[in-house]
**Student:** 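What follows is a single structure, and I will ask about it in a moment.
Read the numbers this way: they start at 1 and go in the same order the structure lists the ligands and their atoms. Keep in mind it's a predicted model, so treat the numbers as computed, not measured.
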Amino acid sequence: MKGALPNFYHSCTIFFFVSLQFHHVFSTNTLSSNETLTISSNRTLVSPGDVFELGFFKTTTRNSQDGADRWYLGIWYKTTSDQRTYVWVANRDNPLHNSTGTLKISHSSNLVLLDQSDTPVWSTNFTGVAHLPVTAELLANGNFVLRDSKTKDLNRFVWQSFDFPVDTLLPEMKLGRNLIGPEKEKILTSWKSPTDPSSGDYSFILETEGFLHEFYLLNNEFKVYRTGPWNGARFNGIPKMQNWSYIVNNFIDEEEEVGYSFQVNNNHNIHSRFRMSYTGYLQVITWTNTVPQRNMFWSFPEDTCDLYIVCGPYAYCDMHTTPTCNCIKGFVPKNARAWELRDASSGCVRSKRLSCGEGDGFLRMSQMKLPETSEAVVDEVIELKECREKCVRDCNCTGYANMDNMNGSGCVMWTGELLDMRKYDAGGHDIYVKVAEASLVPS
Ligand SMILES: *[C@@H]1O[C@H](CO)[C@@H](O)[C@H](O)[C@H]1NC(C)=O
Ligand SMILES: *[C@@H]1O[C@H](CO)[C@@H](O)[C@H](O)[C@H]1NC(C)=O
Ligand SMILES: *[C@@H]1O[C@H](CO)[C@@H](O)[C@H](O)[C@H]1NC(C)=O
Ligand SMILES: *[C@@H]1O[C@H](CO)[C@@H](O)[C@H](O)[C@H]1NC(C)=O
Ligand SMILES: *[C@@H]1O[C@H](CO)[C@@H](O)[C@H](O)[C@H]1NC(C)=O
Ligand SMILES: *[C@@H]1O[C@H](CO)[C@@H](O)[C@H](O)[C@H]1NC(C)=O
Ligand SMILES: *[C@@H]1O[C@H](CO)[C@@H](O)[C@H](O)[C@H]1NC(C)=O
């Protein structure tokens with residue numbers, strides 16, 4: 001979408017209107033159980049390496065209804081510029097309305113944020129041993145952790161901010177879901193506005209119901225964009241990811257958790273983060289030490305063909321055709337009148353019924369975004385030939401594809417309508433769509 005860039009820069013400009021007050025007196029990266037962090041002391045924690053800073057900040061919007069300040073506990077990049085970039089906010093939906101606020105470690109060994117009347121507005125939910133000696137620490141990667149001060153294992157945390165993303169995915173953070181223990185979903189949710197960190201309309205969430213897992217960008221409960229399934233190296237619906245040379249992508253698909261994380265291949269002092277913008281774009285923002293200006297590296301959805309099911313069932317979107325929606329060969333518009341008026345939402349239907357046997361064939365479509373996989377079935381062991389045979393035998397099968405683009409094995413089979421396909425210039429996948437044999441004969 002062409003709107004992405006202006007909107008993004010617009011949001012940066014507005015950031016200057018956020019009134020920020022903050023000076024620090026002394027800095028370390030830890031908060032012991034006998035210490036507090038208060039708004040009036042102006043103290044902050046600074047991560048080793050000086051990249052991140054944790055403390056209180058306030059926002060006052062020009063059009064704030066009550067004109068009152070709202071105070072938050074958050075983490076931002078420690079820079080000298082006036083324009084702060086916040087990467088995490090503890091009490092995003094429960095601000096302090098008073099410049100009296102205290103962060104401390106409670107008797108139950110939890111971090112707790114108290115307002116002027118000592119009422120907790122936010123706290124961590126660790127329910128282990130009370131009076132466990134704990135220390136809070138801001139790590140070099142921006143993770144704010146609470147750990148047993150006696151533990152020798154520095155990677156074991158009682159609680160960590162990385163488990164509670166706000167709108168930003170930092171390197172080493174995971175987005176997805178813990179499948180064991182109290183189910184914990186890790187999703188990005190946009191700010192409400194550039195000056196309001198409360199939960200906004202847009203979120204980026206991993207769907208974990210089906211065999212394959214895909215991320216969806218939602219506007220409230222409505223799907224706006226889909227990344228396509230992970231193909232072993234990248235998401236099928238983000239073909240340009242193959243050229244993100246300095247980002248190392250990692251998809252975890254294990255018994256205890258599924259999720260995505262990334263790291264920056266840091267030969268060039270490059271920094272990167274993902275952000276769910278309040279304007280509805282998933283942005284990948286990148287900068288270097290020498291050029292600290294934030295550059296938007298990528299933004300999704302990218303064009304109209306990225307919009308979720310823009311063309312209806314059995315159709316695909318192609319930015320190079322007019323109209324952009326096309327029926328798959330062997331299919332015709334379901335509602336010809338609407339289709340002519342560029343309303344493709346009803347999609348396409350078969351021009352010839354399947355015979356469910358010898359009379360059927362497969363149409364190979366290349367450089368495609370694979371259809372939505374929520375109803376797709378996966379067989380990780382069989383190869384393409386067996387995949388085809390399996391599809392032929394199943395009358396409900398509408399198409400198949402390789403699951404793993406990297407080594408050629410694995411089979412995905414669709415048994416319902418083929419939804420949300422598009423054609424790419426490069427980096428797409430092959431899909432084989434079942435059609436009546438006669439449809440394959442060039443007319
Ligand atoms: C707070 O606790 C830390 C570690 O337990 C200790 O080193 C420090 O001296 C204490 N500070 C005060 C003011 O009691
Ligand atoms: C904290 O910052 C405010 C605003 O600049 C200032 O008025 C106040 O004196 C500072 N407090 C301390 C303890 O330094
Ligand atoms: C803020 O706290 C002070 C006392 O610390 C109190 O007098 C004042 O009414 C409070 N303001 C609000 C808006 O709660
Ligand atoms: C703590 O648990 C409550 C209730 O389940 C939840 O609303 C709150 O968001 C949790 N707080 C954190 C910091 O996870
Ligand atoms: C990745 O870069 C190569 C070389 O510039 C280019 O040929 C290819 O089309 C790019 N891939 C995508 C998906 O843009
Ligand atoms: C095919 O779909 C129909 C209707 O959804 C269902 O009743 C039937 O069990 C399916 N057949 C197979 C082999 O999955
Ligand atoms: C292909 O990759 C899958 C998943 O990584 C693996 O289980 C399988 O053994 C690989 N197959 C071949 C032929 O290398």
**Student:** If you scan the protein for heavy atoms around atom 5 (O) of ligand 5, do you find one that is closer than 4.0 Å?
**Tutor:** no
**Student:** Hey, which atoms in ligand 6 end up nearer than 4.0 Å to a heavy atom of Asp394?
**Tutor:** 13 (C)
**Student:** Checking side-chain contact (heavy atoms from CB on, under 4.5 Å) for the pair Tyr316/Ile328: CA distance, chi angles, key distance, verdict?
**Tutor:** CA-CA 7 Å; Tyr316 64 95; Ile328 297 171; 4.1 Å; yes
**Student:** Centre-to-centre under 6.0 Å for Tyr260 and Phe235, is that the case here?
**Tutor:** yes
**Student:** Are the sulfur (SG) atoms of Cys311 and Cys325 separated by under 2.5 Å?
**Tutor:** yes
**Student:** For atom 10 (C) of ligand 5, what is the closest protein heavy atom, and at what distance to 0.1 Å?
**Tutor:** Asn243 ND2, 2.6 Å
**Student:** Before signing off on this row, confirm whether Lys240 and ligand 5 have an N or O atom pair separated by under 3.5 Å.
**Tutor:** no
**Student:** For atom 14 (O) of ligand 6, is the nearest protein heavy atom closer than 4.0 Å?
**Tutor:** yes
**Student:** How far is atom 12 (C) of ligand 6 from the closest protein heavy atom, and which atom is that?
**Tutor:** Asn396 ND2, 3.3 Å
**Student:** How about Phe222 and Tyr308: are their ring centres within less than 6.0 Å of each other?
**Tutor:** no
**Student:** Looking just at side-chain N and O atoms, do Thr286 and Ser272 make a donor-acceptor pair shorter than 3.5 Å?
**Tutor:** yes
**Student:** How far is atom 9 (O) of ligand 5 from its nearest protein heavy atom, and which residue and atom is that?
**Tutor:** Ala426 CB, 3.6 Å
**Student:** With the threshold set at 4.0 Å, does a side-chain nitrogen-carboxylate oxygen contact exist between Lys223 and Glu372?
**Tutor:** yes
**Student:** As a test of the contact definition, would atom 2 (O) of ligand 5 count as having a protein heavy-atom neighbour under 4.0 Å?
**Tutor:** yes
